[in-house]
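Have a look at the structure below, then the notes.
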Amino acid sequence: MLAAATVVLVACGGKQAGQSGKSDAKHSVALVTDGGGVDDKSFNQSGWEGLEKWGKKNGLKKGVGGYNYAQSNSDADFTPNINKLIQAKYATIFGIGYKLESAIKNAAKANPKTQFVIIDDVIDAKNVASVTFKDNEAAYLAGVAAAKTTKTNKVGFIGGQHGAVIDRFEAGFRQGVAAVNKKITVDVKYADSFTKPDVGQALANAMFNNDEDVIYQAAGGTGAGVFSAAKNQIKKKKVWVIGVDLDQNNEGKYDGGNLTLTSTLKGVGTVVEKLADDAKKDKFPAGKTEVYGLKEKGVDLTRGNMSDDAWKAVQDYKQQIIDGKITVFNKPSELK
């Protein structure tokens with residue numbers, strides 16, 4: 001806990017050497033990460049990049065009265081981190097990820113004058129704005145890309161932890177694969193953690209050794225291990241990884257090429273910036289739930305290193321989803 005507390009004290013501290021910008025305590029904003037941290041090259045990093053962009057756009061300083069973050073090293077850090085930000089009088093506090101639902105809910109109840117945002121869950125409270133994403137829609141497109149790319153007709157899915165959010169990723173991916181070719185098998189494994197690259201690497205190695213040549217990882221920091229496994233395998237055979245939340249094209253670079261097939265995008269940073277803007281304009285959507293899918297441009301798929309044929313298929317299926325011709329499942333249990 002000592003290390004976590006140190007991070008939070010830095011995050012909540014006042015103006016430090018080299019900092020610049022103004023204060024606006026009434027509209028100050030901070031976020032609390034889940035265990036992945038702001039440099040996870042995924043979900044949390046997207047949120048922090050959005051808040052940084054907002055802060056700099058408005059000429060605010062990083063720190064109390066401006067914008068900042070508190071990094072959680074484990075679930076036990078959520079409540080202490082939120083409380084530190086409340087004590088530092090941040091006007092709006094984001095909980096980045098469904099795992100913070102309980103901590104945000106309790107804090108909102110105890111602090112009715114503070115505005116809160118929960119990402120990837122819904123909290124029914126007058127001072128909380130809830131944001132969810134149709135991750136399954138982007139994951140469906142990832143499934144199409146995987147199905148149009150595999151040479152073995154065997155692909156894999158590695159999830160972080162079971163729950164409603166990763167269920168959406170799994171369901172959409174499997175449905176997208178089946179839409180292209182029902183004969184393709186999808187091997188599904190869970191790491192039971194978003195912060196264990198070693199587990200991700202072990203799971204990916206087993207899949208690649210089983211001739212699965214495309215793996216979609218929806219596992220936060222654990223996903224770094226999937227890329228490591230792929231870079232070892234690429235020395236022997238062609239394999240691909242599908243990234244998640246941010247464009248992970250850089251993660252797939254190796255000497256002589258790139259093994260990131262594509263990445264599903266989740267506009268966490270865009271939403272953080274938007275809601276921070278709303279709060280600054282005194283138009284914070286308290287008590288409301290906002291949902292972002294392909295139609296709302298809240299999720300998407302990168303062009304990546306797909307073939308022209310795969311990209312064309314992705315665009316076709318994307319339009320069908322936007323037009324309502326295809327309904328994407330939310331749960332694996334809905335798959336036939």
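Distance CZ/Phe194 to CG/Asp40: 11.0 Å, rounded to 0.5 Å. Remark: Asp34 CG to Ile119 CD1 distance equals 11.5 Å, nearest 0.5 Å. The CD atom of Gln115 lies 4.0 Å from the OG1 atom of Thr92; values are rounded to the nearest 0.5 Å. Interatomic distance, Gln175 CD to Thr327 OG1, rounded to the nearest 0.5 Å: 8.5 Å. In this structure, Thr262 OG1 and Met306 CE are separated by 3.5 Å, a value rounded to the nearest 0.5 Å.
Among residue pairs with one or both ends in residues 151-171, those qualifying as ring-ring contact (aromatic ring centres under 6.0 Å, His included) are Phe157-Tyr216, His162-Tyr190; sequence neighbours excluded. Residue pairs that meet the ring-ring contact (aromatic ring centres under 6.0 Å, His included) test with at least one member in residues 253-284, sequence neighbours left out, do not exist here. Contacts classified as ring-ring contact (aromatic ring centres under 6.0 Å, His included) and involving residues 23-42 (residues at least two apart or in different chains) are not found. Within the structure, ring-ring contact (aromatic ring centres under 6.0 Å, His included) pairs that include any residue of residues 304-336 comprise Tyr140-Tyr317 (at least two apart or interchain).
Judged by distance alone, the side chain of Thr185 and the main-chain N or O of Lys154 form no donor-acceptor pair under 3.5 Å. In this structure a side-chain-to-backbone donor-acceptor pair under 3.5 Å is present from Ser263 to Gln248. Proximity of a side-chain donor or acceptor of Asn127 to a complementary backbone N or O of Ala108 within less than 3.5 Å is detected. Although no hydrogens or angles enter the test, the distance criterion places no donor-acceptor pair under 3.5 Å between the side chain of Asp135 and the main chain of Arg168. Counting only distance, with no hydrogens or angles, the side chain of Asn68 and the backbone of Ala30 share no donor-acceptor pair below 3.5 Å.
Remark: Asp75 pairs with Lys99 by the side-chain hydrogen bond (donor to acceptor under 3.5 Å, both in side chains) rule, at least two apart or across chains. Remark: Asp255 engages no residue in a side-chain hydrogen bond (donor to acceptor under 3.5 Å, both in side chains) (not counting sequence neighbours). For Ser46, there are no side-chain hydrogen bond (donor to acceptor under 3.5 Å, both in side chains) partners, not counting sequence neighbours. Every salt bridge (Lys or Arg N to Asp or Glu O under 4.0 Å) that Asp277 has, sequence neighbours left out, goes to Lys57. In this view, Asp24 and Lys280 satisfy the salt bridge (Lys or Arg N to Asp or Glu O under 4.0 Å) rule, not counting sequence neighbours. Residues satisfying the salt bridge (Lys or Arg N to Asp or Glu O under 4.0 Å) test with Lys231, not counting sequence neighbours, are none. With sequence neighbours excluded, the residues that form a side-chain hydrogen bond (donor to acceptor under 3.5 Å, both in side chains) with Asn250 are Lys253.
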Name each donor-acceptor pair under 3.5 Å that joins a side chain in residues 238-247 to protein atoms two or more places apart or in another chain, with its distance.
{"unit_1": "Asp245", "atom_1": "OD2", "unit_2": "Ser42", "atom_2": "OG", "d": "3.0"}
{"unit_1": "Asp247", "atom_1": "OD1", "unit_2": "Asn249", "atom_2": "N", "d": "3.0"}

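With Asp213 as the fixed residue, the side-chain hydrogen bond (donor to acceptor under 3.5 Å, both in side chains) test singles out one of Thr150, Asn153, Thr149: Thr150. Between Trp54 and the choices Leu275, Val272, Val29, the side-chain contact (heavy atoms from CB on, under 4.5 Å) rule is met once, by Val29. Residue Ser72 forms a side-chain hydrogen bond (donor to acceptor under 3.5 Å, both in side chains) with just one option from Asp77, Asn44, Asn81, Thr79, and that option is Asn81.
Between the side chains of Asn83 and Gln87, no donor N or O sits under 3.5 Å from an acceptor N or O.
Remark: Lys237 NZ is packed, more than 12 non-hydrogen atoms of other residues, nucleotides or ligands lying under 6.0 Å away. Taking a 6.0 Å sphere around CG of Asp124, one finds it holds 12 or fewer heavy atoms contributed by other residues, nucleotides or ligands.
In this structure the side chain of Tyr292 never reaches within 4.5 angstrom of the side chain of Lys134, judged on heavy atoms. In this structure, Gln319 and Ile322 have side chains that are in contact, with non-hydrogen atoms separated by less than 4.5 Å.
Between Lys266 and Asp120 there is a salt bridge, since a side-chain N of the basic residue sits under 4.0 Å from a carboxylate O of the acidic one.
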